[in-house]
Engineer: 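Following this message is one structure expressed as structure tokens.
Everything numeric in this text was worked out from a predicted model, so none of it was measured. Reckoned from all heavy atoms, side chains included, excluding hydrogens, waters and symmetry mates.
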Amino acid sequence: RRTLLLPTSSVAIRPFVMDDIPVVIARHKALYTEEHDLSSVTLADTIDQGIKHFVQNFNPRKECLYILESEGRRTGSIAVAHEGDVMAQIKYFLIDPEVRGLGAGRKLLQEALDFCRDRQYKHVFLWTFNSLNAARHLYRSTCFRLTEIRENSQWGAVVEEERWDLELV
């Protein structure tokens, strides 16, 4: 467990425990609905099934799911999913609004990238929406490159999804 002292709060990053999973699922569903009007059954099912599948098939030697805590509350998450011998995917990256802008997201992403380097992954990628400007700025500032854009209407609204890639070599 690492404790980060941010300007207005104390934040810790820790590995997940099973009790975290319902909270991670609920926060993802709530924030995508509240902030992006993405409320389709397909999105809810994708989040629910995706996170549950990740946890059921979790390989701690190759994957991680970190929880961000602020003042004892879960306020964020990030996962690294194994995608091949030298490739990993960042998933389930979410920061609650009350801790945004304090450096917690950058620290959480760095923790995931450090995990990838420790596991000798050479390449990392992630998918995001083009409307997530702060996240896109964070990816750009950590040397991710935008490599693909696609339109998707299955989430309850038409969104542009973006793939961002990072070479770790």
Engineer: Can you pull the salt bridge (Lys or Arg N to Asp or Glu O under 4.0 Å) pairs that have at least one residue in residues 125-138, sequence neighbours excluded?
Structural biologist: R136-E162

Engineer: Taking the side chain as everything from C-beta on, heavy atoms only, tell me whether I21 gets closer than 4.5 Å to L65.
Structural biologist: yes

Engineer: Are L108 and V23 linked, directly or through intermediate hydrophobic residues, by side-chain heavy-atom contacts shorter than 4.5 Å (ILVMFWY only)?
Structural biologist: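 Different clusters.
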
Engineer: Any heavy-atom pair between the side chains of I90 and W127 that's under 4.5 Å?
Structural biologist: no

Engineer: Would you please classify the geometry between the W164 ring and the Y139 ring as parallel, tilted or perpendicular, with 30° and 60° separating the classes?
Structural biologist: tilted

Engineer: Between E111 (side chain) and K107 (backbone), is there a donor-acceptor pair under 3.5 Å?
Structural biologist: no

Engineer: Got a sec: does the CG of N57 have more than 12 other heavy atoms crowding it under 6.0 Å?
Structural biologist: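 More than 12 within 6.0 Å, yes.
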
Engineer: When rounded to the nearest 0.5 angstrom, what is the spacing between NZ in K29 and OG1 in T46?
Structural biologist: 10.0 Å

Engineer: Between H82 and E63, which heavy-atom pair has the shortest distance, and what is it?
Structural biologist: N-OE2, 3.1 Å

Engineer: Kindly write out the residues that satisfy side-chain contact (heavy atoms from CB on, under 4.5 Å) with H123, not counting sequence neighbours, or none if the list is empty.
Structural biologist: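 So H123 forms a side-chain contact (heavy atoms from CB on, under 4.5 Å) with M87, F125, R163, D165, E167.
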
Engineer: For the atom pair OG1 (T128) and CD (E161), what is the distance rounded to the nearest 0.5 Å?
Structural biologist: 9.0 Å

Engineer: List for me each residue that meets ring-ring contact (aromatic ring centres under 6.0 Å, His included) alongside F93, sequence neighbours excluded, and say none if there are none.
Structural biologist: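 None.
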
Engineer: Go through the structure and list residues passing side-chain contact (heavy atoms from CB on, under 4.5 Å) with T142, not counting sequence neighbours.
Structural biologist: R106, L109, L138, F144

Engineer: Is there a side chain to side chain contact (heavy atoms under 4.5 Å, CB included) between L113 and L166 once you walk through the steps?
Structural biologist: CA-CA 10 Å; L113 293 176; L166 174 66; 3.9 Å; yes

Engineer: Which pairs with one or both residues in residues 16-28 pass salt bridge (Lys or Arg N to Asp or Glu O under 4.0 Å), sequence neighbours excluded?
Structural biologist: R14-D20, D20-R74, R27-D96

Engineer: Taking only residues two or more places apart in sequence, or in another chain, which ones meet A88 in a side-chain contact (heavy atoms from CB on, under 4.5 Å)?
Structural biologist: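 Partners of A88 under the side-chain contact (heavy atoms from CB on, under 4.5 Å) test: V80, C116, Y121.
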
Engineer: So with a 6.0 Å cut-off around CZ of R150, is the heavy-atom count from everything else above 12?
Structural biologist: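 Result for CZ/R150: enclosed.
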
Engineer: Treating E83 as the side-chain partner and Q89 as the backbone partner, does any N or O pair qualify as donor plus acceptor under 3.5 Å?
Structural biologist: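 Between the backbone of Q89 and the side chain of E83 there is no qualifying donor-acceptor contact (under 3.5 Å).
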
Engineer: What distance separates R140 CZ from R145 CZ, expressed to the nearest 0.5 Å?
Structural biologist: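 Interatomic distance, R140 CZ to R145 CZ, rounded to 0.5 Å: 12.5 Å.
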
Engineer: Starting at CD1 of I47, measure out to NZ of K91 and round the result to the nearest 0.5 Å.
Structural biologist: 12.0 Å

Engineer: Could you tell me the separation between the CD1 atom of I25 and the CD1 atom of I51, rounded to the nearest 0.5 Å?
Structural biologist: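 Interatomic distance, I25 CD1 to I51 CD1, rounded to 0.5 Å: 5.0 Å.
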
Engineer: Give the intermediate values and the outcome of side chain to side chain contact (heavy atoms under 4.5 Å, CB included) for residues V55 and M18.
Structural biologist: CA-CA 8 Å; V55 171; M18 289 308 290; 3.5 Å; yes

Engineer: Strictly distance-based, threshold 3.5 Å: is any side-chain N or O of R100 a donor or acceptor partner for the main-chain N or O of I95?
Structural biologist: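 Judged by distance alone, yes, a pair lies under 3.5 Å.
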
Engineer: Report the distance from atom OH of Y92 to atom OG of S77, rounding to the nearest 0.5 Å.
Structural biologist: 10.0 Å

Engineer: Within the distance-only criterion (no hydrogens, no angle test), does the side chain of H28 pair as donor or acceptor with the backbone N or O of V24 below 3.5 angstrom?
Structural biologist: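 Yes.
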
